[in-house]
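Single-structure report; data block below.
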Amino acid sequence: MTAVICRDTDEAVAGTEDGSTVLIGGFGMAGMPVPLIDALIRQGATDLTIVSNNAGNGDTGLAALLAAGRVRKVVCSFPRQSDSWVFDGLYRAGKIELEVVPQGTLAERMRTAGAGIGGFWSPTGVGTLLTEGKETREIDGRQYVLELPLRGDLALIGAHRADRMGNLVYRKTARNFGPVMATAATTVVAQVNEIVETGQLDPETVVTPAIYVDKVVAV
Amino acid sequence: MTAVICRDTDEAVAGTEDGSTVLIGGFGMAGMPVPLIDALIRQGATDLTIVSNNAGNGDTGLAALLAAGRVRKVVCSFPRQSDSWVFDGLYRAGKIELEVVPQGTLAERMRTAGAGIGGFWSPTGVGTLLTEGKETREIDGRQYVLELPLRGDLALIGAHRADRMGNLVYRKTARNFGPVMATAATTVVAQVNEIVETGQLDPETVVTPAIYVDKVVAV
Amino acid sequence: MTAQQIDPAGAPMTADHPLDKNELAALIARDIPAGAYVNLGIGQPTLVAEHLDPTAGVVLHTENGMLNMGPAAVGDQIDPDLTNAGKIPVTELPGAAYFHHADSFAMMRGGHLDVCVLGAFQVSTTGDLANWHTGAPDAIPAVGGAMDLAIGAKQVFVVMTLFAKDGTPKLVPQCTYPLTGIGCVHRVYTDHAVFDLGPDGARIRETFGSTAAELVARIEAGTPARTT
Amino acid sequence: MTAQQIDPAGAPMTADHPLDKNELAALIARDIPAGAYVNLGIGQPTLVAEHLDPTAGVVLHTENGMLNMGPAAVGDQIDPDLTNAGKIPVTELPGAAYFHHADSFAMMRGGHLDVCVLGAFQVSTTGDLANWHTGAPDAIPAVGGAMDLAIGAKQVFVVMTLFAKDGTPKLVPQCTYPLTGIGCVHRVYTDHAVFDLGPDGARIRETFGSTAAELVARIEAGTPARTT
């Protein structure tokens, strides 16, 4: 159904349930939907599983969500950064679960979920700690490991511009995980810098078609 | 390596070997690289396997390649059309092999090849003639069939505009299989309506990055 | 076919005559929710587009890589680079988006379309679909996107005549034509009635020109005895 | 480590001193073919960019979704929406293209990059790579795109010091640190020598400040006896 244009970020994340899996876009701060995460903190949902490339930077956004004690588990490729002290503290204190997934596998598992595929045979991580216990097989002389879809109940993504239907365009490397996450969650919320009239975006340049977007909010 | 700008279509398809698997873009005539196919006919390679959505329309392009007796096998989703008389005749005469693949599986098998994935579990065609003999498994309560990568030695695609590096943009539904085939073949040849200077295409709107393109020719 | 497989209970007769193709298309259009993302396949289902309320914001998908497809192109609108899945020139509406085939079929396979409408040779009472191949020995098989659509859309509607030209029912206990998908059809719109299908069999929603009991009798009379 | 595992045969000494980081980066830059598509990882490998001949048309990929990445951004060029894989603000060159993460890693995993250059904790003589995790019990694991790059690029180059601070060689018969990929490294650039790796072990290409025989002796002296 066509996207709803929300009045504010609180309306955009209303109804998020405890125990949800939330896909959060961004790579570092580029494309990171900080205002939506702030709204999710206000909204109060807890016991969350967060899927994002990193595990929070500094004290804002995802780091603030972690600091507020709302997150049971983080699925990400790279938690450890110079400014990931909030995650590091929780992890060392045994207060948060961590699943480390190679970055490309993280992206592809979400694409797989969005594309209705049951799983894929990946050459990434074969023979490493990160695929221990996963099924392997040889195909055409090469070893692969079975990777399964990764779905979200909610995706929070940052885009550049939306039209009123919910079509999205991004800006530079802030595109990163947004288009993939938009395909992989039951409810997709996009924050954008600007909402334009339907017909104002060039149809050749739409990166995330409105079919994937449930709610849009300008920030 | 950066794309080569070819003088003409003959230069673009030079060196095609007998027995090659050739991916040919287009859906009906939209995006169909007829001038490149005409050059392939002149070039003379034979015993080809053609992967394309259809099996030729009328008497030109792919139909002419078939009529010239150069094709051993067609892999496609929809050979039978009102104007596919060339293919129909060869098929009924037992002079050409046919592998029918569901359209989405055709596209996804080529994406899989281009993405370095060993195979994927597809829900499409489970329990039908088109997946007979393929391995199946249940994942999360649903039945899937194993689909393997589909690679080409050569891809011939039609795009709208290229820059001199080989970045491509397409036009409307002529985009169809081009971007996927460009990832899945050893040598990728794009015919375009116009070649512009590098820097003239908006980096946000490039659909096929130059890394996938080997030769470009303006037609 | 047994009564358990087609349940006529309570189905009203809502028209006093069998529906023609346009009436059926209008009926389907009425049942498509406002704002839905819809694929109308090829052929007869595309008639539905002409009956959609333009203010309802239904968005049409065409599997060759477009959302917000507009009506057929005429005159100067015709552009060889802009066609629908039947290769017929079409137009684009505001809010359109183009994408490549792998993305288009990821959209279909991934369950993002709300409704698709397909034609059929046969449908089983439990929702199996046969619409790609007659099984005739000299037929050239051609599937296109039918199998992807059949298993991908949230709601799969079929539109067909209830009886073949020789009078045999096309809603059957078990398809005899090669299958397109298993248990994938949710609803069948026919000239004589609309059926909801599910794992427990068919239920008649409404009938046109016959009572439900008359229809069931006619279907049973035309159905060969089961060989199982 | 045995002579079969590191073959010094014929390797010339091409510098009279061990190379520093910039000299190594220049050496790697020299070995990257004109027009190649290259990913330079994070940290020390990114130094290579400063030594590429701007006229050679080498195209840099950054895994967060860009081709034709330019140099680090300074002053007004800094744009929070434009960073490299190390989250450092960068610039774009003419011919750039942006794409999402699944497409970026499809490009990597699919073997479309000609060269990637990575750092390492250890590399085995048969090309196993360990560069994501020290294995220390209190270390927080973090892999990023290292595993995808390791198995994806056509040529995987490692740049590292040949010896750890405690003097133990980092080119080893078998990695003791957790692996990033198996048999994936083609060449190792170190301060003391360049090695080609393959299923049959390492071959020294050139040395800096020592002879090949001296280096092999030093590596063997520092390598614990194999426990197999």
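Residue numbers start from 1 in every chain, and the chains themselves are labelled A, B, ... in the order their sequence lines are given, proteins ahead of strands.
- A distance of 6.0 Å or more separates the ring centres of B:Tyr170 and C:His100.
- Annotation: maximal heavy-atom pairing with chain C below 4.5 Å, among B:Leu106, B:Thr124, B:Thr105, B:Val101, occurs at B:Thr124.
- Chain B forms the most heavy-atom pairs under 4.5 Å with one residue out of C:Asp138, C:Ile182, C:Ile140, C:Ile151, and that residue is C:Ile140.
- The minimum heavy-atom distance between C:Asp148 and B:Pro102, with the atom names listed, is OD2-CB, 3.8 Å.
- Between B:Pro123 and C:Arg109 the shortest side-chain heavy-atom distance falls below 4.5 Å.
- Shortest non-hydrogen contact noted between B:Tyr91 and C:Pro141 is OH-CD, 3.9 Å.
- In the displayed structure, B:Lys95 atom NZ is contacted under 6.0 Å by at most 12 heavy atoms of other residues, nucleotides or ligands.
- In this structure, the portion of B:Arg92 lying under 4.5 Å from any heavy atom of chain C is its side chain and not its backbone.
- In terms of non-hydrogen atom pairs under 4.5 Å with chain B, the most contact-rich of C:Asn64, C:Leu179, C:Thr180, C:Thr62 is C:Asn64.
- Annotation: maximal heavy-atom pairing with chain B below 4.5 Å, among C:Gly145, C:Ala146, C:Gly65, occurs at C:Gly145.
- For the set B:Val180, B:Val126, B:Leu129, B:Leu130, the count of heavy-atom pairs under 4.5 angstrom toward chain C peaks at B:Leu130.
- No side-chain heavy atom of C:Val143 sits under 4.5 Å from any side-chain heavy atom of B:Gln103.
- If you measure heavy-atom distances from B:Leu98 to chain C, the contacts under 4.5 Å come from the side chain alone.
- Within the 4.5 angstrom heavy-atom criterion, no atom of C:Ser104 approaches chain B.
- In this structure, the separation between CZ on B:Phe27 and CG on C:Asn84 is 8.0 Å, given to the nearest 0.5 Å.
- Ionic pairing of B:Arg171 and C:Asp79 is present here: one or more N-O contacts between side-chain nitrogen and carboxylate oxygen are shorter than 4.0 angstrom.
- At distances below 3.5 Å, not a single donor-acceptor pair connects side-chain atoms of B:Asn176 with backbone N or O atoms of C:His101.
- Atom CG of C:Asp20 sits in a crowded spot, with more than 12 heavy atoms from other residues, nucleotides or ligands closer than 6.0 Å.
- In the model, B:Asn54 has a side-chain atom that pairs as donor or acceptor with a side-chain atom of C:Lys87 under 3.5 Å.
- Near-neighbour residues of residues 64-90 of chain B relative to chain C, defined by a heavy atom under 4.5 Å from a heavy atom of that chain, comprise B:Ser77, B:Phe78, B:Pro79, B:Arg80, B:Gln81, B:Phe87, B:Asp88.
- Inter-residue side-chain proximity for B:Lys172 and C:Met66 is flagged as unmet; no heavy-atom pair is nearer than 4.5 Å.
- Note that CG of C:Asp103 and CD of B:Glu108 are 9.0 Å apart. Values are rounded to the nearest 0.5 Å.
- At a 4.5 Å heavy-atom cutoff, the contact between B:Val100 and chain C is made by side-chain atoms alone.
- By a heavy-atom distance cut of under 4.5 Å, not one residue of residues 202-219 of chain B is near chain C.
- Here the closest heavy-atom approach between residue B:Gly125 and residue C:Met147 is recorded as CA-SD, 3.7 Å.
- Within 6.0 Å of NZ on C:Lys154 lie more than 12 heavy atoms contributed by other residues, nucleotides or ligands.
- Contacts with chain C were tallied for B:Arg111, B:Gln143, B:Arg142; B:Arg142 has the most, counting heavy-atom pairs under 4.5 Å.
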